[in-house]
Colleague: 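Okay, handing you the structure first.
Indexing begins at 1, ligand by ligand and atom by atom, following the structure's order.
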Amino acid sequence: MKVVVLTGAGISAESGVPTFRDANGLWEGHRVEDVATPEAFEASPHLVHRFYDARRAALAAVEPNPAHRALARLESELGERLLVVTQNVDDLHERAGSHRVLHMHGQLRSAWCLACDERSPWQEDLSHGPACPTCGASALRPDVVWFGEIPYGMDLIENALGDADVFVAIGTSSLVYPAAGFVRLARMWGARTVEINLEPSAATSVFDEARHGPAGELVPAWADELLGAVRAT
Ligand code: BV8
């Protein structure tokens, strides 16, 4: 039984990380889609750094919730048969104990040097133009995938979707591509598809099954059921 889990902002909502739909998708009055772009970084790097510095700093005040921990438990049983693909740039999956996590949209706690192309673990602000730990240049940008940029790990993700017996999407509105298209690929390649979300999403009708409610309650129950099925085979 091979399982691919796609997570979105909704899995971290109960930990206190605002979703993109919260605040009507606005940050300080800016549409997120307008701040999270290479064009915005070109035009006003300080504004964009402030956006990511604020979210990076906020990570210190949040903890994983039962949904993150249930996926870590699942990994401890399924091992290589489970892959978590997350759209989230927070590190709550890893802090819950998950190792097989692919951040397709990057991570807040990583900085990318535009001078030497190296990526470095990063905890602090970037707006003051700190030096790259590798080359010393002051050319660091947040290591996140902005709108119009190619997501990370697409080949690995498509291979995993091709092998999956089960595909589950947790806490995503299914509005941002290519992630929102994964359910169709998984179905096309024969996987059973399940949506776990607080409310119906833009792709609910595409899934074989939809469970609507808080991830903190539904994901542990779903994980226990899946482990029961795995142990029975
Ligand atoms: C690309 C990182 C080419 C930065 C992000 C096709 C059609 C239309 C448009 C496009 C298309 N293809 C490409 C586009 C353009 C664009 C796009 O999709 N635009 C949208 C706005 C229409 N896509 C791109 O630009 C992508 N790049 O396409 O390159 C390419 C493609 C394929 C292969 C090669 C090349 C790059 C997109 C990545 C942008 N970066 N994040 C940052 O974080 O600042 S996207 C960002 O927004 C997140 O990572 C995430 O992906 C998205 C937000 O969505 P969700 O995570 O789902 O969050 P949301 O708030 O929307 O929903 C939360 C859900 O949780 C809700 O449904 C809610 O009900 C639920 N919920 C709330 N609480 C709970 C809960 N559920 C359970 N329990 C709870 N307690």
Colleague: Could you state whether V219 and M1 fall into the same hydrophobic cluster, counting links through intermediate Ile, Leu, Val, Met, Phe, Trp or Tyr residues with side-chain heavy atoms under 4.5 angstrom apart?
Modeller: yes
Colleague: Mark yes or no for whether R141, through its side chain, and V144, through its backbone, hold a donor-acceptor pair below 3.5 Å.
Modeller: yes
Colleague: Considering I196, D90, L198, which one's heavy-atom position lies nearest to atom 76 (N) of ligand 1?
Modeller: L198
Colleague: Could you tell me which atoms of ligand 1, counted from 1 in the order shown, lie closer than 4.0 angstrom to a heavy atom of G171?
Modeller: 63 (C), 64 (C), 65 (O), 76 (N)
Colleague: Have a look at E199, H212, E149 and point out the one with the heavy atom closest to atom 68 (C) of ligand 1.
Modeller: E199
Colleague: I'd like to know whether H212 forms a side-chain contact (heavy atoms from CB on, under 4.5 Å) with L198, so could you lay out the CA-CA distance, the side-chain angles of the two residues, the decisive distance to 0.1 Å, and finally the verdict.
Modeller: CA-CA 5 Å; H212 295 139; L198 193 61; over 6 Å; no
Colleague: Within ligand 1, which atoms have a heavy atom of Q87 less than 4.0 Å away?
Modeller: 48 (C), 49 (O), 50 (C), 51 (O)
Colleague: Please determine, by modelled atom types, if T172 and Q87 share a side-chain donor-acceptor pair under 3.5 angstrom.
Modeller: yes
Colleague: Considering G181, P200, S173, A179 one by one, which has a heavy atom nearer to atom 54 (O) of ligand 1 than any of the others?
Modeller: S173
Colleague: Below 4.0 angstrom, N of the basic side chain to O of the carboxylate: do R211 and E225 qualify?
Modeller: yes
Colleague: For E124, is there any backbone N or O sitting under 3.5 Å from a side-chain donor or acceptor partner on W122?
Modeller: yes
Colleague: Could you check whether R184 makes a cation-pi contact with F182, meaning its NZ or CZ is under 6.0 Å from the centre of the six-membered ring and within 45° of the ring axis?
Modeller: no
Colleague: For atom 34 (C) of ligand 1, tell me which residue out of N197, D155, I150 has the closest non-hydrogen atom.
Modeller: I150
Colleague: As an exercise, identify every atom of ligand 1 less than 4.0 angstrom from a heavy atom of G148.
Modeller: 24 (C), 25 (O)
Colleague: Quick test of your reading of the structure: of E14, R55, H105, whose heavy atom lies closest to atom 43 (O) of ligand 1?
Modeller: R55
Colleague: Show which atoms of ligand 1 fall inside a sub-4.0 Å distance from at least one heavy-atom site of A13.
Modeller: 73 (N)
Colleague: For ligand 1, which atoms sit closer than 4.0 Å to a heavy atom of G8?
Modeller: 56 (O)
